Amino acid sequence: VAQTAAEANNSVRKVQSAWAIASITFHQGDLGRAVRLMDACLADYEALKIRRSAVQDPGIMCLCYSSWGHWQLGNPDESIRRAHLAVQNARDSGHKFSMAEAHGFRAAAHYFRGEFEAALQDADKAVEICEESGFRVWLAHAMVVRGRLRTALGDTLTGNSEMHRGCELWSATGAMVTRPFYLVLRAEGEALAGNAGAGLTLLGEAMSIVERCGERYYLPEVHRQMGELMMQLEAGGAPAAGGGGASAGAWLDNAERHLMDSAGIARQLQMGSLQLRSAMSMARLRQRQGRGADAAAALAAALKQINGGEGTLDVRNARSLLEQLGAAVIA
């Protein structure tokens, strides 16, 4: 009996250690390797004869984070499949902490796919569970995601306020991890409210955290949103950064630099979905410059990197933009 218990403890420690390494790899931005590590960890977890109870269930964690990873890698259908499985497994386990986590991550997966109503249902459920059980970390996550969804659905005042409160709650836990992602969501919400300058300030904070901590998994979106907000400022006739009489068109020069950085990093990290978003943003910039045809080939190539996801918002938008550019979309 003692030997069996020792073997079980060793197996559990192995799974917990494997999950920790996979999580670090994810946040560093090596998502392909992170997903492979999570799949191996999940296989070991499922083979356990005895599963010790823990605050964080490594099996649910692997499903949640690999769902996120698959979306960024360009596999939106596999992403939502894993998110559904995480919720189902968490419900079957009756483990409240895992249920809060799984619903929060499925909300993010639906958000990435542009399924805002479905995402809002999951975010509401995550908030409900967290408030009942006192799970501050996952409550903060769910609040930020829910706030972003509200801005996407048109309620920018309530949504931006909730994101701000969620970020404050997250920071109060002492957590630094994931903050760049949340800051990007807040910047997007500010942009929707017409506050591009405030959004750029948030993105500057996100960039600072990335540089200090090396959390690169959402770095392409930090750069891309900087480019998008600079285009918004240029369109609104804002004075160029730095003053000195420079033309407002200088915003476009800076926007182009950030969009090129976004595309390069996404390509280097093999993040298909973020490559597609970068290509769409660059195509919109080229349209403004009267060079839309220059971006069509890159956009078509980026679209081919997406596996499935035919009904998702990004794929629909990319196809629509290609049509505007007069480019033939090769199925």
Side-chain angles (χ1 to χ4, degrees), residues 19 22-23 26-27 29 31-32 34-35 38-39 42 56-92 97-130 137-153 159 163 166 177-178 180-182 184-185 188-189 217-218 220-221 266 269 271-277 305-318:
W19 154 246
S23 176
F26 175 94
H27 288 283
L31 298 190
V35 167
M38 289 174 196
D39 286 349
L42 187 58
Q56 290 187 325
D57 183 291
I60 303 297
M61 296 295 285
C62 284
L63 284 171
C64 287
Y65 274 90
S66 63
S67 166
W68 193 325
H70 267 289
W71 177 78
Q72 290 198 205
L73 290 168
N75 307 314
D77 294 340
E78 178 62 15
S79 170
I80 198 65
R81 187 191 73 82
R82 290 183 181 225
H84 288 322
L85 185 58
V87 169
Q88 186 60 57
N89 288 357
R91 287 175 177 169
D92 290 346
F97 192 87
S98 294
M99 290 168 64
E101 172 199 346
H103 279 288
F105 270 79
R106 192 167 70 176
H110 278 304
Y111 163 71
F112 291 141
R113 290 168 56 90
E115 298 158 349
F116 300 142
E117 294 289 355
L120 189 58
Q121 292 180 22
D122 272 312
D124 283 340
K125 185 64 176 178
V127 168
E128 176 188 335
I129 296 170
C130 288
V137 168
W138 291 127
L139 175 59
H141 170 85
M143 287 176 65
V144 177
V145 174
R146 186 169 72 175
R148 177 64 184 91
L149 292 165
R150 284 174 168 162
T151 65
L153 293 168
M163 281 194 282
V177 69
T178 314
F181 169 68
Y182 296 145
V184 169
L185 297 191
E188 291 171 343
Y217 73 94
Y218 219 58
E221 281 291 271
L269 298 177
M271 297 178 177
S273 290
L274 302 193
Q275 287 184 61
L276 180 61
R277 288 188 170 185
Q305 300 299 312
I306 306 301
N307 300 309
E310 285 303 314
T312 59
L313 183 61
D314 284 350
V315 170
R316 297 199 314 269
N317 285 345

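None of these values were measured; they are calculated from a predicted model.
- To the nearest 0.5 angstrom, Met61 atom CE is 6.0 Å from Ser23 atom OG.
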May I have the step-by-step check of side chain to side chain contact (heavy atoms under 4.5 Å, CB included) for Gln56 and Phe97, ending in yes or no?
CA-CA 7 Å; Gln56 290 187 325; Phe97 192 87; 3.6 Å; yes

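- Although no hydrogens or angles enter the test, the distance criterion places a donor-acceptor pair under 3.5 Å between the side chain of Arg316 and the main chain of Gly311.
- Note that CG of Asp39 is 8.0 Å distant from SG of Cys62, once rounded to the nearest 0.5 Å.
- Qualifying side-chain hydrogen bond (donor to acceptor under 3.5 Å, both in side chains) partners for Trp68, counting only residues two or more places apart in sequence or in other chains: Gln72.
- Between the side chain of His110 and the backbone N or O of Leu120 there is no donor-acceptor pair closer than 3.5 Å.
- Considering all non-hydrogen atoms of both residues, Arg277 and Phe112 come closest at NH2-O, 3.6 Å.
- For residues 59-79, the pairs satisfying salt bridge (Lys or Arg N to Asp or Glu O under 4.0 Å) are Asp77-Arg113, Glu78-Arg81, Glu78-Arg82, with sequence neighbours left out.
- Tyr217 and Phe181 have tilted rings, their planes meeting at an angle from 30° to 60° on a 0 to 90° scale.
- In terms of the salt bridge (charged side-chain N to carboxylate O under 4.0 Å, His left out) criterion, residue partners of Glu188 (sequence neighbours excluded) are, by chain and number, Arg148.
- A donor-acceptor pair under 3.5 Å is absent between the side-chain atoms of Ser273 and the main chain of Leu73, judged by distance alone.
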Go through the steps to decide whether Ser67 and Ile80 satisfy the test side chain to side chain contact (heavy atoms under 4.5 Å, CB included), and finish with yes or no.
CA-CA 7 Å; Ser67 166; Ile80 198 65; over 6 Å; no

Evaluate the criterion side chain to side chain contact (heavy atoms under 4.5 Å, CB included) for residue pair Gln275 and Ile306; output intermediate values, then yes/no.
CA-CA 9 Å; Gln275 287 184 61; Ile306 306 301; over 6 Å; no

